[in-house]
> 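Input: one structure, supplied below.
Numbers here are sequence positions counted from 1. Everything numeric here is computed off the predicted structure, so don't read it as measured data.
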Amino acid sequence: MRKLLRLSLLLLTILTCGFAKAADVSDVFTAASLGIKGTSYADLKDFKLTSTAKYSLNAATNDGTCVQLRSKNNSGIVTTATGGTVKSITIKWNSETSAGRKVDIYGKTEAYTAPADLNDSKLQGTKLGTIECGKTTELVVEGSYTFIGLRSTSGALYADEITVTWATSGEGTLAAPTISGTTPFEGSTEVSLKADDGAKIYYTTDGTPPTAASTLYTAPFTLNESAKVSAIAVKDGKTSTVATKAFEKVVFTTLSFDEACALPTTAAKQYIKLELENAKVVYVDGTTVFLRQDGQSMMLYNVNQKALTLNATVSGTIKLDFKPYNDLPEMVANTFTSSDDLTITTSTSAELDAVETTVADLLAKKHLCDLVVLKGATITSQTSGTSTNYYIVSGESKIQLWGNQSLSKAGVGKALDIYAVCNAIHNGAAQIKPVKVGDITLGIGNTLVTDHTVAKGVYTIDGAKMGNGQALPNGLYIVNGKKVIVNNK
């Protein structure tokens, strides 16, 4: 009986100690803890709260009143060093957040590098769930995820508190190592590991769990092939959780301009090295470039290469992805995109080198991704409720003009030469975006067109300020540093 009692007490002691060593640690994000001043968004790196986790985030505090996130590509919160195993995420919504606004939660067993990872399907990890304002405030995480990411998927949202709760092995938990290196990579990449001072790091590169018998890290090492690096830290008899990061080696396919234009729009293709030979930049719309070479045309979407300017001639190679959108062939920028391997001859000419075409040819999807001109065309408008659509009509056929509506409005009822880029397909029908109507131009020389019946902070071209409430006659004005053509009907 005494032996049974002693055994029971021993088991109780073991269980009690075991439970005592288990602990939950919460990191609570508030406006005060972030310390971001004003209303602008800011980047914080290696940000720490209570746990051993380190965070990289892009957020604002709405003048110190709450935590503010947005759905832009670089916004969100991710962990770059683990705090243990993620147990739950809780959001205390601020009253400024509209019902239906959502935060998506992602989990990984390898470190994030920046909030932008959450917008990359290869880097964002596993979607664990969504917290929606007006419906939910907490997500209990199922599974063993050691890194967490949060992002807004519906514009700006506001929270009084965002709490990340970690399950740890108790007081004195050793933080997992951080794994640094470029992925995806071309050729090779250098990998470095970092842990708490005095800790030894052991790692593997084949995805197997590391132990104290694995390779001891002493210096950065090079990967020449795809690999999954896993690492642990060991110090004073404690062993961290496993940190893991996958490294992907990519190989580019070289395609000529003709070959790229012939790619089927039924499937995307990553990692293309596009060869250009005296291609001409026929139009630039923000960060999107329209190229023409030997009678064929192509749109480079979101390339953001400032050297590619109107009427420039381009030769060399540029690395892109082929990503059709609504059957429209597009080349899209990737992490390797740059103008480093291009020879660019710029031009001072602002003339538009457009291909003359017809409504019928455009509807037949000729001249996709090209700059076109319809000679002596007349724009018509159709209003439904609060929306007005603009068209060019030819016989029984018509093509819709989308975007730059103030420019389309200026040409209603007039026979004019209409310059446009054929850069959209909607419900199977081609659409064009006007850039010049008659002699009114958008996108060249920082000139806009609009209708103003009331002036507010508007100046004449000679610098005289127009009074607030004053009607503006037709003419050229300066608004926010830009030229504005006023065309009242």
Side-chain angles (χ1 to χ4, degrees), residues 282-286 288 290 310 328 350-456 458 460-461 466 469-480 482-489:
V282 293
Y283 198 72
V284 179
D285 186 4
T288 299
F290 296 82
L310 182 68
L328 189 75
E351 292 295 319
L352 294 178
D353 181 13
V355 176
E356 186 173 350
T357 190
T358 63
V359 170
D361 279 351
L362 291 173
L363 292 176
K365 298 180 182 177
K366 297 181 180 180
H367 311 301
L368 290 178
C369 304
D370 206 350
L371 177 70
V372 298
V373 59
L374 294 99
K375 296 282 190 177
T378 301
I379 298 175
T380 63
S381 63
Q382 294 181 5
T383 301
S384 176
T386 58
S387 299
T388 301
N389 294 324
Y390 297 90
Y391 302 88
I392 296 174
V393 179
S394 177
E396 298 295 321
S397 301
K398 66 178 181 181
I399 189 167
Q400 185 171 348
L401 289 78
W402 77 275
N404 299 339
Q405 286 200 324
S406 55
L407 188 56
S408 297
K409 185 176 181 181
V412 170
K414 305 170 186 176
L416 300 168
D417 293 345
I418 298 172
Y419 292 76
V421 283
C422 189
N423 67 340
I425 297 177
H426 182 65
N427 291 333
Q431 296 182 345
I432 58 176
K433 184 176 184 178
V435 299
K436 182 179 180 182
V437 174
D439 58 358
I440 302 174
T441 304
L442 178 67
I444 306 297
N446 212 26
T447 301
L448 306 175
V449 60
T450 187
D451 286 347
H452 274 277
T453 55
V454 178
K456 187 175 182 180
V458 178
T460 68
I461 198 67
M466 305 295 288
Q470 180 180 352
L472 296 180
N474 291 350
L476 186 62
Y477 298 87
I478 303 295
V479 178
N480 294 327
K482 294 184 178 181
K483 296 177 183 177
V484 175
I485 297 173
V486 173
N487 183 43
N488 296 301
K489 292 192 67 179

> Would you confirm whether S394, through its side chain, and S397, through its main-chain N or O, come within 3.5 Å as a donor-acceptor pair?
no
> Is the closest side-chain donor-acceptor distance between T383 and T388 under 3.5 Å?
yes
> Look up atom CD1 in I432 and atom OG in S408, then write down how far apart they are to the nearest 0.5 Å.
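One finds 8.0 Å between CD1 of I432 and OG of S408.
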> Which is it for V421 and T288 under the side chain to side chain contact (heavy atoms under 4.5 Å, CB included) test, yes or no, and what are the steps along the way?
CA-CA 11 Å; V421 283; T288 299; over 6 Å; no
> Restricting to non-hydrogen atoms, name the atom on L407 and the atom on V435 that form the minimum distance, rounded to 0.1 Å.
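Distance-wise, the nearest heavy atoms are CD2-C, 3.5 Å.
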> Decide side chain to side chain contact (heavy atoms under 4.5 Å, CB included) for L374 and D417; before the verdict, give the C-alpha distance in whole Å, the side-chain angles of both, and the deciding distance to 0.1 Å.
CA-CA 6 Å; L374 294 99; D417 293 345; over 6 Å; no
> Between V355 and V373, is the side chain to side chain contact (heavy atoms under 4.5 Å, CB included) condition met? List the steps.
CA-CA 6 Å; V355 176; V373 59; over 6 Å; no
> If only atom types and distance count, is the side chain of K365 paired as donor or acceptor with the main-chain N or O of G428 below 3.5 Å?
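Indeed, once roles are kept as given, a pair shorter than 3.5 Å links the two residues.
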> Any chance you could measure Q405, atom CD, to S387, atom OG, to the nearest 0.5 Å?
8.0 Å
> Do Y391 and Q382 come within less than 4.5 Å of each other through their side chains, counting heavy atoms only?
yes
> Looking at every heavy atom in both C422 and H367, which two are closest together, and how far apart are they?
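Scanning both residues, the minimum pair turns out to be CB-O, 3.4 Å.
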> What is the minimum heavy-atom distance between A420 and P434, and which atoms define it?
CB-CA, 3.8 Å
> Can you name the nearest heavy-atom pair linking G376 to A415, along with the distance?
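For G376 versus A415, the nearest heavy atoms are O-CB, 4.0 Å.
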> Out of curiosity, L310 CG to E351 CD, how far, rounded to the nearest 0.5 Å?
9.5 Å
> Nearest heavy-atom pair of L362 and A430: which atoms, and what distance?
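Distance-wise, the nearest heavy atoms are O-CB, 3.3 Å.
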> Which value, rounded to the nearest 0.5 Å, describes the distance between I392 atom CD1 and I379 atom CD1?
5.5 Å
> Sort out for me which residue in N423, N404, D285 forms a side chain to side chain donor-acceptor pair (under 3.5 Å) with K433.
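Among N423, N404, D285, the one meeting side chain to side chain donor-acceptor pair (under 3.5 Å) with K433 is D285.
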> Distance from Q431 atom CD to L363 atom CG, nearest 0.5 Å?
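Rounded to the nearest 0.5 Å, the CD-CG separation comes out at 10.5 Å.
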> Could you pull out the closest heavy-atom pair between L352 and Y283, with the gap in Å?
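Closest pair (atom of L352, atom of Y283, distance): CD2-CD1, 4.1 Å.
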> V393 versus V359: any side-chain heavy-atom pair under 4.5 Å?
no
> When you compare the side chain of N389 with that of S381, does any pair of heavy atoms fall below 4.5 Å?
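They are not in side-chain contact.
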> Drop me the distance from Y419's OH to K436's NZ, to the nearest 0.5 angstrom.
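If we round to the nearest 0.5 Å, Y419:OH and K436:NZ are 5.0 Å apart.
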> Can F290 and L371 be said to form a side chain to side chain contact (heavy atoms under 4.5 Å, CB included), step by step?
CA-CA 8 Å; F290 296 82; L371 177 70; 6.0 Å; no
